Amino acid sequence: MYINTISHYYPSQVIGNEHFTKLNNLSSEWISERTGIFERRKAGEGENTATMAKQAVDILKESIPYDLSEIDLIVGATYTPYDTIVTLGHAIQHHIQVPNIPVLSLSTACSSFLNALEVVEGYFAMGKATKALVVVSDHNTAYYNELDTVSGHLWGDGASALLISKERISDEDMTIQKIITGGAATSGKAVEAVVLRPNERGVVMPFGRDVFQNACIFMPKVSKQVLEACGLGIEDLDYLIPHQANHRISLNVINTLGIPAEKLISNIQYLGNTGSAGCAIALSENRASFKKGENLVITVFGGGYSYGAMLITV
């Protein structure tokens, strides 16, 4: 599979740590030391998961290498939907006005991005599609409780859009070499560590340490697996983009893998935890700086638990 083009969108409203100092008496230093976050983006009035994804798609259209009518699959990825009936994928189909194609949306918490790409891989393998539009968007601040001193200060909002093709379209395409994902619901406190039960309350994280510990186990493990599956080692890796949940987790992952800090790509410092959109946003933000032939791994970990890694060659 090939990534033809990628875009990102995040809201203009910036929420600094001082906001939570006023609310919860949490100092900026306390927040940044424990999470790496200094500020995050928050969707404004009238913005939601679908509108942010539409913005990302509109930006994507500025560099689309073929006509929108050639898209024959749309996959939406989010765990913070604006509408559970008119799903993210269907909102995007209506937005781009491409009828009579497969459209679906999925959620595997913060791993949703890689699972969406795996779905595309399956459609391509079955011969049911050749060009896919993938949108990943999370509106975390619609579900969070900013008075929660455990996790209220973690969350940010954002979206990304990608065009994926079965065959190479141009020399600028990035190649998806391999995707490995898995469920880890049998590990630790998976089904209670971080939950979002809309009929009860917003997102809560009663067992953050368990999330931290398992993320630090699964992300480096699956990163090595995806490299080895392609006959590569850590020494062949140019960049690592881990799920943007906590900067200390990212540092733990690269230390476990023996990767120098300059190979770590991170945006949590200024975006907060943008959920399943975080890695896609980071890939888009840094696309212009990647050199031909470089290898990068995206690795994710989501509540529930779920995990995955993807190897891309530029």
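In this text, all values refer to a predicted model and were calculated from it rather than measured experimentally.
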Enquirer: Do Pro81 and Thr87 make a side-chain contact, defined as non-hydrogen atoms from C-beta onward lying under 4.5 Å apart?
Expert: no
Enquirer: So, using side-chain contact (heavy atoms from CB on, under 4.5 Å) as the criterion, who are the partners of Gln269 when residues are at least two apart?
Expert: Phe38, His247, Ser266
Enquirer: Side-chain heavy atoms nearer than 4.5 Å, only ILVMFWY residues, links allowed to pass through others: does that put Val57 and Ile164 together?
Expert: no
Enquirer: Show every donor-acceptor pair shorter than 3.5 Å between a side-chain atom in residues 219-232 and any protein atom, with sequence neighbours excluded, or say none if there are none.
Expert:
from   : atom 1 : to     : atom 2 : distance (Å)
Ser223 : OG     : Met219 : O      : 2.7
Ser223 : OG     : Thr299 : OG1    : 3.4

Enquirer: Any salt bridge (Lys or Arg N to Asp or Glu O under 4.0 Å) pairs touching residues 284-295, not counting sequence neighbours?
Expert: none
Enquirer: Specify the closest pair of heavy atoms between Ala53 and Leu88, including all atoms of both residues, with the distance to one decimal.
Expert: CB-CD1, 3.6 Å
Enquirer: Would you list the pairs meeting salt bridge (Lys or Arg N to Asp or Glu O under 4.0 Å) in which at least one residue belongs to residues 246-263, sequence neighbours left out?
Expert: none
Enquirer: Are Val119 and Val98 linked, directly or through intermediate hydrophobic residues, by side-chain heavy-atom contacts shorter than 4.5 Å (ILVMFWY only)?
Expert: no
Enquirer: Report yes if some heavy atom in the side chain of Ile96 is under 4.5 Å from a heavy atom in the side chain of Ile74; otherwise report no.
Expert: yes
Enquirer: Of all heavy-atom pairs between Gly89 and Ser105, which one has the smallest distance, and what is that distance?
Expert: N-OG, 2.8 Å
Enquirer: Evaluate the criterion side chain to side chain contact (heavy atoms under 4.5 Å, CB included) for residue pair Leu73 and Ile71; output intermediate values, then yes/no.
Expert: CA-CA 6 Å; Leu73 171 66; Ile71 294 170; 5.7 Å; no
Enquirer: Using the ring pair (Phe, Tyr, Trp, His ring centres under 6.0 Å) rule, collect all pairs that involve residues 267-298, keeping only residues at least two apart or in two chains.
Expert: Tyr239-Phe290
Enquirer: So, for Tyr143 and Pro198, which heavy atoms are closest and what is the spacing to 0.1 Å?
Expert: CE2-CG, 4.4 Å
Enquirer: Using a 4.5 Å cut-off on heavy atoms from C-beta on, say whether the side chain of Met310 contacts that of Ile179.
Expert: yes
Enquirer: Do Asp173 and Thr175 have side-chain heavy atoms sitting under 4.5 Å apart?
Expert: no
Enquirer: Would you kindly confirm whether Ile265 and Ile281 end up in one hydrophobic cluster when ILVMFWY residues are joined by side chain heavy atoms under 4.5 Å apart?
Expert: no
Enquirer: Taking atom types as modelled, is there a side-chain donor on Asp236 or Asn295 under 3.5 Å from an acceptor on the other?
Expert: no
Enquirer: Show the numbers, then the answer: is there a side chain to side chain contact (heavy atoms under 4.5 Å, CB included) between Ser187 and Phe218?
Expert: CA-CA 10 Å; Ser187 300; Phe218 282 99; 3.6 Å; yes
Enquirer: Return the CG to OH distance between Asn4 and Tyr66, rounded to the nearest 0.5 Å.
Expert: 4.0 Å
Enquirer: Measure across Val211 and Ala193 and return the closest heavy-atom pair with its distance rounded to 0.1 Å.
Expert: CG2-CB, 3.6 Å
Enquirer: With sequence neighbours excluded, what pairs up with Ala43 under the side-chain contact (heavy atoms from CB on, under 4.5 Å) test?
Expert: Pro11, Glu47, Met52, His139, Asp157
Enquirer: Pairs in or reaching into residues 7-30: which pass ring pair (Phe, Tyr, Trp, His ring centres under 6.0 Å), with residues at least two apart or in two chains?
Expert: His8-Tyr10, Trp30-His153
Enquirer: If you take all heavy atoms of Ala185 and Val191, which pair is closest and at what distance?
Expert: O-CG1, 4.3 Å
Enquirer: What distance do Ile3 atom CD1 and Leu162 atom CG have between them, rounded to the nearest 0.5 Å?
Expert: 5.5 Å
Enquirer: For the residue pair Glu121 / Tyr123, report whether a side-chain donor-acceptor contact shorter than 3.5 Å exists.
Expert: no
Enquirer: Could you list the residues that satisfy side-chain hydrogen bond (donor to acceptor under 3.5 Å, both in side chains) with Thr149, not counting sequence neighbours?
Expert: none
Enquirer: Does Tyr82 have more than 12 heavy atoms from other residues, nucleotides or ligands lying within 6.0 Å of its OH?
Expert: no
Enquirer: Check residues 127-138 and write down every donor-acceptor pair under 3.5 Å in which the side-chain atom is one partner and the other belongs to a residue at least two apart or another chain.
Expert:
from   : atom 1 : to     : atom 2 : distance (Å)
Thr130 : OG1    : Asp72  : OD2    : 3.0
Lys131 : NZ     : Glu70  : OE1    : 3.2
Ser137 : OG     : Thr49  : O      : 2.8
Asp138 : OD1    : Thr78  : OG1    : 2.9
Asp138 : OD1    : Tyr79  : N      : 3.1
Asp138 : OD1    : Thr80  : N      : 3.3
Asp138 : OD1    : Thr80  : OG1    : 2.7
Asp138 : OD2    : Ser276 : N      : 2.9
Asp138 : OD2    : Ser276 : OG     : 2.5

Enquirer: So do Tyr2 and Met174 actually touch side chain to side chain, heavy atoms under 4.5 Å?
Expert: no
Enquirer: Would Cys279 and Val300 count as a side chain to side chain contact (heavy atoms under 4.5 Å, CB included) if you check the C-alpha gap in whole Å, the side-chain angles of each, and the deciding distance to 0.1 Å?
Expert: CA-CA 8 Å; Cys279 287; Val300 296; 4.0 Å; yes
Enquirer: Does Asp67, at its CG atom, have more than 12 non-hydrogen atoms belonging to other residues, nucleotides or ligands within less than 6.0 Å?
Expert: yes
Enquirer: Hey, what do you get for CD1 (Ile180) to CD (Glu118), rounding to the nearest 0.5 Å?
Expert: 9.0 Å
Enquirer: Does any part of the side chain of Phe207, heavy atoms only, come nearer than 4.5 Å to the side chain of Arg209, both counted from C-beta?
Expert: no
Enquirer: Quick one, Val297 and Ile241 - any side-chain contact, counting heavy atoms below 4.5 Å?
Expert: no
Enquirer: Quick one: does Arg40's side chain have a donor or acceptor within less than 3.5 Å of a partner on Ile15's backbone?
Expert: yes
Enquirer: Going by salt bridge (Lys or Arg N to Asp or Glu O under 4.0 Å), name the residues that satisfy it together with Asp238, two or more places apart in sequence or in a different chain.
Expert: none
Enquirer: Treating Ile, Leu, Val, Met, Phe, Trp and Tyr as nodes and any side-chain heavy-atom pair under 4.5 angstrom as an edge, say whether Leu237 and Val314 lie in one connected cluster.
Expert: no
Enquirer: Side chains of His90 and Asp83: do they bring a donor and an acceptor to under 3.5 Å?
Expert: no
Enquirer: Measure the shortest side-chain to side-chain distance between Pro242 and Ser250 over non-hydrogen atoms and say whether it is less than 4.5 angstrom.
Expert: yes
Enquirer: Kindly write out the residues that satisfy side-chain contact (heavy atoms from CB on, under 4.5 Å) with Ser151, not counting sequence neighbours, or none if the list is empty.
Expert: Asp148, Leu154, Trp155, Met205
Enquirer: How long is the gap from CD1 on Ile59 to OG on Ser7, to the nearest 0.5 Å?
Expert: 5.5 Å
Enquirer: According to salt bridge (Lys or Arg N to Asp or Glu O under 4.0 Å), who are the partners of Lys189, at least two apart in sequence or on a separate chain?
Expert: none
Enquirer: Determine yes or no for a side-chain-to-main-chain donor-acceptor pair under 3.5 angstrom, with Ser306 supplying the side chain and Gly183 the backbone.
Expert: no
Enquirer: Which pair of non-hydrogen atoms, one from Asn24 and one from Glu146, has the smallest distance, and what is that distance?
Expert: ND2-O, 2.9 Å
Enquirer: Is it true that Leu106 and Tyr307 fall in one hydrophobic cluster, defined by side-chain heavy atoms closer than 4.5 Å?
Expert: no
